[in-house]
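Notes follow the structure.
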2 protein chains.
Amino acid sequence: MPRDTGGMARTVELLWGVSTPRGTRGPRQGLSVAAVTRAALAIADAEGLGAVSMQRVAKELGYTTMSLYNYVPSKDQLIELMIDAATPPPPIPEDGESWRDEVERWVRATWGLYHAHRWVLKVPTVNPPLGPNQMAWFEALLHALHRGGLEGAELMAIAQHILTSTRGQAAISIDLATGEDGTAAEANEALRRLATPDRFPTLHGLIPAAGAGGFHPGAEIYEGLALGVRLLLDGMEGYVRRGAG
Amino acid sequence: MPRDTGGMARTVELLWGVSTPRGTRGPRQGLSVAAVTRAALAIADAEGLGAVSMQRVAKELGYTTMSLYNYVPSKDQLIELMIDAATPPPPIPEDGESWRDEVERWVRATWGLYHAHRWVLKVPTVNPPLGPNQMAWFEALLHALHRGGLEGAELMAIAQHILTSTRGQAAISIDLATGEDGTAAEANEALRRLATPDRFPTLHGLIPAAGAGGFHPGAEIYEGLALGVRLLLDGMEGYVRRGAG
DNA sequence: ATCCGCTAGCGTATCTGATACAGAGTTTTA
DNA sequence: TAAAACTCTGTATCAGATACGCTAGCGGAT
């Protein structure tokens, strides 16, 4: 029987810790899914996703590469586990906090989360996030927006909107912060040279205005994100008031 | 002299076709950057990014793997070229079109673009998009929003917001459409099972309401995106009217 | 008590893909 | 017409994922 190399069912099982009941025989297990995941996570946090190889993780744990496959069916699955493991429980709304503040707190926390684990957004997405922690965060966002008066498909839509723009802007911020020193400056330089006023009038006009050159450093991007969210919530309030949703 | 393996400068050079003047000596070139890029692009469109390897591209062209390196300094650079090559010129706004319609047309076109080249959003971003076509699209979006009354950092922020949420939602839609047949259904099934009303009350409430189970198929996601953009623009109008920006 | 069968961890092998390097043939310029 | 500058080829290297078969530890049925 070939090793079950994955599939959604297996992934979900692993993520939710539903241990397929295994016989108690054989040598005691020296490792565990959690231990493997933790080790991989530590490597990624310290040296980036590229440093995570099965060999490296095994070395870190003092085991052979192949023994990891006793716990994790493939590297891809391991990465899914890492992502969920990197995700702490979502922030708890404070008493009396407005729903808008709740949303903004969520955005800030998400921003922080991605910056704390700069590799997370490099993982090319394949599946919807079905890990327990991922789901908890999404639930938290839905909760806040629901308080704001949204329901059903609209609720889902706006939540996705906020989620994806937060992810996207965080990814940009991280790319700029992570690149070799000077990459950002080099990019700005290139931008300045290429965004000529004839072909790119609007963009060209922004370059001096934006200080670092149109692709801003971290804090400014966050401010931009926050503004976008605020305006979206403004629009949403109007929408709800008008009686839809 | 080692082959220049890249760096922003080289990338930009390639993207903008600034041919570093090469001597006219030696055998006539059988290939060109464009030809290599085109071949790679065709493979990616037909079989996904995973099918693009240097060997495969070379085979397609009837050359050796290594000969490609005469034209393209590395695979990563080739991928950047592919992305820009996959990007047609942005849509041209119609006469008399409102700025809001201009934005919405932009969003729709972007959506279509990503769906036409389903591999583009799988590329883990490293650099800001400096290719000429990428820049042209961004300029188009800036132009529309500028007409709406935004300036400077606010303009940049809202443009990024729209860009990232469009990318993000398109990515979700593509993942669902691309997975093995049944993956989406399986995910919904899992979601239904895992999103228990006690721990995930809001999410749980959405599952039946959302038809396919909370993670909607293509058209519905597009509707959601469009709604989000509309509300954001609503908020933006208020903001502009209030005199900021 | 004991032995059987399950299983963890090991060593090694295979396969795929990127990229280095050296050599041979081609074309232009001094 | 030789030297120089290139292009393309063939082969080698290196990394990383994962298959496979072996050995030995351990719990449970005899």
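Values below: all heavy atoms of this structure, side chains included; hydrogens, waters and symmetry mates excluded. Naming convention: chains lettered A, B, ... in sequence-line order (proteins, then strands); numbering from 1 in each chain. Remember, it's a predicted structure, so these values are computed and weren't measured experimentally.
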Rounding to an integer number of Å, can you tell me how far [X] [atom1] sits from [N] [atom2]?
X     : N      : atom1 : atom2 : answer
B:M66 : C:dA20 : CE    : P     : 6 Å
B:L31 : D:dC6  : CG    : P     : 17 Å
A:N70 : C:dC10 : CG    : C1'   : 10 Å
A:I79 : D:dG16 : CD1   : P     : 13 Å
B:Q29 : C:dT27 : CD    : P     : 13 Å
A:I43 : D:dG16 : CD1   : C1'   : 14 Å
A:Y69 : D:dC20 : OH    : P     : 13 Å
A:Q77 : D:dT18 : CD    : C1'   : 14 Å

Are [X] and [Y] side-chain neighbours, meaning at least one heavy-atom pair lies under 4.5 Å?
X      : Y      : result
A:L14  : A:V72  : no
A:V57  : A:V36  : yes
B:L225 : A:T164 : no

*Could you list all the side chain to side chain donor-acceptor pair (under 3.5 Å) pairs where at least one residue sits in residues 31-50 of chain A, not counting sequence neighbours?*
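Residue pairs passing side chain to side chain donor-acceptor pair (under 3.5 Å), neighbours aside: A:D45-A:H117, A:D45-A:W119, A:E47-A:R56.
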*Encode nucleotides 22-30 of chain D as B, S and - characters from 5' to 3', where the letter depends on protein heavy atoms closer than 4.0 Å: B to the base, S only to sugar-phosphate, - to neither.*
---BBBS--
With sequence neighbours left out, write down each residue that passes side chain to side chain donor-acceptor pair (under 3.5 Å) with [X], or none if nothing qualifies.
X      : value
B:D84  : B:N133
A:Q55  : none
A:R118 : none

*Please determine if a side-chain N or O atom of A:Y71 lies less than 4.0 Å away from the OP1 or OP2 oxygen of C:dG9.*
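It does, given that an N or O in the side chain of A:Y71 lies less than 4.0 Å from OP1 or OP2 of C:dG9.
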*Neighbour count >12 (heavy atoms, 6.0 Å) for atom CZ, B:R108*: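 Open: at most 12 neighbouring heavy atoms sit under 6.0 Å from CZ of B:R108.
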*Closest to the B:S67 side chain: D:dC8, C:dG9, C:dT19?*
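Output: D:dC8.
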_Near-strand residues of residues 46-64 of chain B, defined as heavy-atom separation under 4.0 angstrom from DNA chain D_ =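 Of all residues in residues 46-64 of chain B, the ones placing a heavy atom under 4.0 Å from DNA chain D are B:Y63, B:T64.
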*asked:* Could you tell me if A:D198 and A:T196 have a donor-acceptor pair between their side chains, going purely by distance under 3.5 Å?
replied: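 Yes, a side-chain donor-acceptor pair sits under 3.5 Å.
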